[in-house]
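Every heavy atom of this structure was used, including side-chain atoms; hydrogens, water molecules and symmetry mates were not. These numbers were taken from a predicted model, which means no experiment stands behind them. Just so we're on the same page: letters track the sequence lines, and every chain starts at 1.
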Protein chains: 4
Amino acid sequence: MARRAPTEPRKFASQERSRATVDALVEATARILVKEGFDKASTNRIAEVAGVSVGSLYQYFPGKEALVAAVDERHKQQVMQTVRGELAGILDQPVEQGVRKIVALAVKAHRVDPKLHRVLAEQIPRVGKLEALGTFNRENYTLFRTYLESRQHELRVDDLDLASFVCVTTIEALTHNAVLHHPKMLSGDMMEALIDEAARLVTGYLKR
Amino acid sequence: MARRAPTEPRKFASQERSRATVDALVEATARILVKEGFDKASTNRIAEVAGVSVGSLYQYFPGKEALVAAVDERHKQQVMQTVRGELAGILDQPVEQGVRKIVALAVKAHRVDPKLHRVLAEQIPRVGKLEALGTFNRENYTLFRTYLESRQHELRVDDLDLASFVCVTTIEALTHNAVLHHPKMLSGDMMEALIDEAARLVTGYLKR
Amino acid sequence: MARRAPTEPRKFASQERSRATVDALVEATARILVKEGFDKASTNRIAEVAGVSVGSLYQYFPGKEALVAAVDERHKQQVMQTVRGELAGILDQPVEQGVRKIVALAVKAHRVDPKLHRVLAEQIPRVGKLEALGTFNRENYTLFRTYLESRQHELRVDDLDLASFVCVTTIEALTHNAVLHHPKMLSGDMMEALIDEAARLVTGYLKR
Amino acid sequence: MARRAPTEPRKFASQERSRATVDALVEATARILVKEGFDKASTNRIAEVAGVSVGSLYQYFPGKEALVAAVDERHKQQVMQTVRGELAGILDQPVEQGVRKIVALAVKAHRVDPKLHRVLAEQIPRVGKLEALGTFNRENYTLFRTYLESRQHELRVDDLDLASFVCVTTIEALTHNAVLHHPKMLSGDMMEALIDEAARLVTGYLKR
DNA sequence: GATGAATGAGCGTTCATTCAT
DNA sequence: GATGAATGAACGCTCATTCAT
């Protein structure tokens, strides 16, 4: 039943076009979010900035919320790309060094697109489809738990779920707060100091 | 209901009335925020629930943001009332016991009006006059720093600003996260476990 | 508790203002309906023609449908005003004359605002709140049934409900059709002829 | 599925395909009209349900109105097929029996696809190209007039145009109203009663 | 002071129609 | 012919704010 066409050119062209439109919309949303804030991110504005008609916006996204969710998702992916790569080399390091690197990595993660991260964290109302958006980052939690498992012999804690919750929450809060609300902490020696403190905090808690 | 003796100045009655109106408006805003969410908290609706005309609302508040800020302020006052009172008895306790009580107090603080706390934390866009709303709680920070000063002989840390930042951020994040996103943690033994962990985390970091 | 004010001027003025706005909106809707059709009767357009803001429109009407329903209601009232007055003098007339006058009255009723009547009949989708709009006219039915009751001794029919249904439907259809789709029938002798025919049709059916 | 002998012209296949597409579109329109109403019958939706692209829709129909008109036309054809067949056997019957059968036939006609009939009657705005859609059914009128001509010797009426108008309008209105708004009338004895009444009404009017 | 009717910019969304592929 | 992505005018509606009374 399949019609043979030369390397399916029609569909491909079409797919490319669609993809470009979707990307432009997500990108436009992110830009408006960063430059003008959530309030200004109206569907018409987003479409305009994306160089696309509102109609097309609704062809690909059921509404404004879906666009913001897509931006959040894209941002998370970008961050996780950084994290996952570097984390590989940390997995077999002892807690002392490993935790420090994880903290440093968390700082790095918060610097991927700090302005966007901030808007996402502070301006998006957790309502409707966006309700679950900012909730506890499950992947971070899982990754960290995996690390703890491989280092269990070094640890004084037995409830790894609880320990992961404590550590991930702590590291996330410290780096988030430092990057977003105390940027001066992140320059020069201060950054090293903060990382040291956070690492010591967590290491002391974990190590036997 | 008899007319008051002319001794009682009109101005007072008027002041009382103003105060009542303001209170009714703040209370109405808080109720709507909790029951229906930020989206539904329109000025007209707030005035209606407060039993007051929109016009009067604008007599006492420059706009919607001011009302939400007032709700936030009132909530913070209520929390700090709890905190300040209990904190007095903690100030002269050694770190080991003191920190544990502070953590427990933080949990208690998050339970003053958790629904309102949640709406304030998750639905209010940090924009315009509300931008500073969710920022680092200065008073908590100051109080904690004072405690550290009085206990400095027990501590291994010298930079009390940095240590306060680390501790307050950590305690706040853990209790906030637990209350808002892991409510099961806050019931029965789990709560004790969490408090123990958090206290150990912080104590281990601080103590010599 | 009631504040005494000189003949309640505030409330009255306010009531008058509201009433004027409501009237202007209904009138504007009717005018647009007649001159441009249902499709053009958008809420913004209606408000504009009424010399009022859209906001005010929504202060008084929950939506477009309610406005059309109000126009329909107003039209029905105007028609029934004509009908009820003249019908009084017919009630005690024998079927022969009575029915003829009722038919003539039906023609008159269809001429109250034929253009509006037509739009209401032909362009308003019977959907949502407007679903019941054009349904069988209960008052006409009741009035006619009352007439039949008072003339029962002259009639060959016993089921007055059925007879009323038959007669009202017939008279309504004939006059409606004639006025709206065969206007030439309604000028000069033709009108008399039609009325004669309709009257004879119904009389023959009813009379013993 | 083997390729046809070249005898069969391509053009025919093409014509067949066109015809199938047109049918699918009209059928899809009818189905949506019945199941979801006129409001939901957007061109995109129609094309989707028909399994055809919007572009193809516009290849065969100049616009949405044309589709609805085609549905109406098809429905009318289906009804008239029923009517014409049965009417043949009535033509030479005396008024007494003939009219009764015509009324019964009108009821039957209204039951061909009552849901579609209803949507067509109540939801389609008589505007633009659809303006003439609900107008007086000329064919019914002609057919009935023909019948009257052949029975003229039995009749007391001379103006057969006028009489046809009166009768067709009456029968149409009664059956339409009964089917659409008083469905209980159309079940069991009630239906017979209604047909009797309508037949008597019209016969009494016509017969010498 | 208090009232609440009025405002109108601007929002999210739909859909008949077009046209490059 | 067929496709379906793209268009954009226009719709119904909301709500923070104003101001005549």
Side-chain angles (χ1 to χ4, degrees), chain A residues 3 9-22 39-48 51-65, chain B residues 14 17-18 21 39-48 52-65 67, chain C residues 3 5 9-22 39-48 51-65 67, chain D residues 14 17-18 21 39-48 52-65 67:
Chain A
R3 261 179 294 156
R10 204 93 68 89
K11 200 179 171 188
F12 182 72
S14 163
Q15 268 180 40
E16 211 169 4
R17 211 141 101 81
S18 294
R19 176 77 212 203
T21 301
V22 168
D39 276 12
K40 298 286 168 53
S42 71
T43 49
N44 281 294
R45 190 83 225 292
I46 291 169
E48 183 194 321
V52 147
S53 70
V54 224
S56 290
L57 184 156
Y58 281 95
Q59 197 123 86
Y60 297 106
F61 295 92
K64 184 190 172 172
E65 291 183 328
Chain B
S14 165
R17 211 143 114 66
S18 292
T21 302
D39 274 13
K40 298 287 168 56
S42 69
T43 49
N44 282 295
R45 181 115 182 69
I46 290 168
E48 183 196 320
V52 149
S53 68
V54 226
S56 291
L57 186 156
Y58 279 91
Q59 195 94 54
Y60 294 107
F61 293 91
K64 188 190 172 172
E65 291 182 328
L67 272 160
Chain C
R3 263 179 292 158
R10 205 94 67 91
K11 198 179 173 188
F12 183 72
S14 164
Q15 267 180 39
E16 213 169 3
R17 211 138 102 82
S18 293
R19 176 76 211 206
T21 301
V22 167
D39 276 13
K40 299 286 167 54
S42 70
T43 49
N44 282 294
R45 190 83 225 291
I46 291 169
E48 182 194 322
V52 147
S53 70
V54 225
S56 290
L57 184 156
Y58 281 94
Q59 198 125 86
Y60 296 106
F61 295 91
K64 186 191 171 171
E65 292 183 329
L67 274 157
Chain D
S14 165
R17 210 143 113 68
S18 293
T21 302
D39 275 14
K40 299 285 168 57
S42 68
T43 49
N44 283 293
R45 182 115 181 68
I46 291 168
E48 183 196 321
V52 149
S53 69
V54 227
S56 292
L57 184 155
Y58 279 92
Q59 194 94 52
Y60 294 108
F61 294 92
K64 187 190 174 174
E65 291 183 327
L67 271 158

Over how many whole Å does the gap from D:L67 atom CG to E:dC15 atom C1' extend?
14 Å
Output for pair (D:S18 OG, D:Q59 CD), nearest 0.5 Å, gives 8.5 Å
If you assign B:E65 and C:A41 each to the DNA chain F nucleotide with the nearest heavy atom, which residue ends up on the more 5' nucleotide?
C:A41
Just to confirm, is there a sub-4.0 Å distance from OP1 or OP2 of E:dA6 to any side-chain nitrogen or oxygen of C:T21?
yes
So, does C:S53 use its side chain to make a donor-acceptor pair with the main chain of C:S56 at under 3.5 Å?
yes
Rounded to whole Å, how long is the line connecting atom CZ of C:R19 with atom P of E:dA6?
13 Å
Distance (rounded to the nearest 0.5 Å) between B:K64 NZ and B:N44 CG:
11.0 Å
Please state whether the phosphate of F:dA2, meaning OP1 or OP2, lies under 4.0 angstrom from any side-chain nitrogen or oxygen of D:Y60.
yes
Check the distance between F:dA10's P and C:R45's CZ and give it to me in whole angstrom.
12 Å
Roughly how many Å is it from CD1 in D:I46 to P in F:dG4, rounded to a whole number?
17 Å
Taking a pair to mean Watson-Crick or G-U wobble geometry with both distances below 3.5 Å, F:dG12 pairs with E:dC11
How far apart are the closest heavy atoms of D:G63 and D:Y58, and which atoms are they?
CA-CE2, 3.9 Å
With a 3.5 angstrom cut-off on both distances, give the Watson-Crick or G-U wobble partner of E:dA20, or none if there isn't one.
F:dT3
Which listed nucleotide (E:dA6, F:dA16, F:dA2) is nearest to the side chain of D:S53?
F:dA2
If you check every side-chain atom of C:Q59, which of E:dA2, E:dA16, E:dA6 has the closest atom?
E:dA6
Looking at every heavy atom in both D:T43 and D:L57, which two are closest together, and how far apart are they?
O-CD1, 3.5 Å
Do any side-chain nitrogens or oxygens of C:S56 fall under 4.0 Å of OP1 or OP2 in E:dA5?
no
Calculate the interatomic distance between A:L57 atom CG and E:dC11 atom P; express it in whole Å.
13 Å
If I compare all heavy atoms of B:A41 with all of B:I46, which pair ends up nearest, and what's the gap?
O-CD1, 3.9 Å
So which one's nearest nucleotide on DNA chain E is more toward 5', C:V54 or A:V54?
C:V54
Rounded to whole Å, please give me the gap between CG in D:D39 and P in F:dG12.
11 Å
Looking at every strand, decide which applies to A:T43 at a 4.0 Å heavy-atom threshold: base, sugar-phosphate, or nothing.
base
Measure from the side chain of A:R17, starting at C-beta and using heavy atoms only, and say which of E:dT14, F:dA6, F:dG1 lies closest.
F:dA6
Rounded to whole Å, how long is the line connecting atom OH of C:Y58 with atom P of E:dG10?
18 Å
For C:F61, answer base if it contacts any base atom (sugar-phosphate contacts may also be present), sugar-phosphate if it contacts only those atoms, and nothing otherwise; contact means non-hydrogen atoms under 4.0 Å.
nothing
Could a donor-acceptor pair under 3.5 angstrom be found where the side chain of C:N44 meets the base of F:dC13?
yes
Which nucleotide sits closest to the side chain of B:S42: F:dC15, F:dA2, E:dG12?
F:dC15
Atom pair distance, as rounded to whole Å: NZ in C:K40 and P in F:dA9:
17 Å
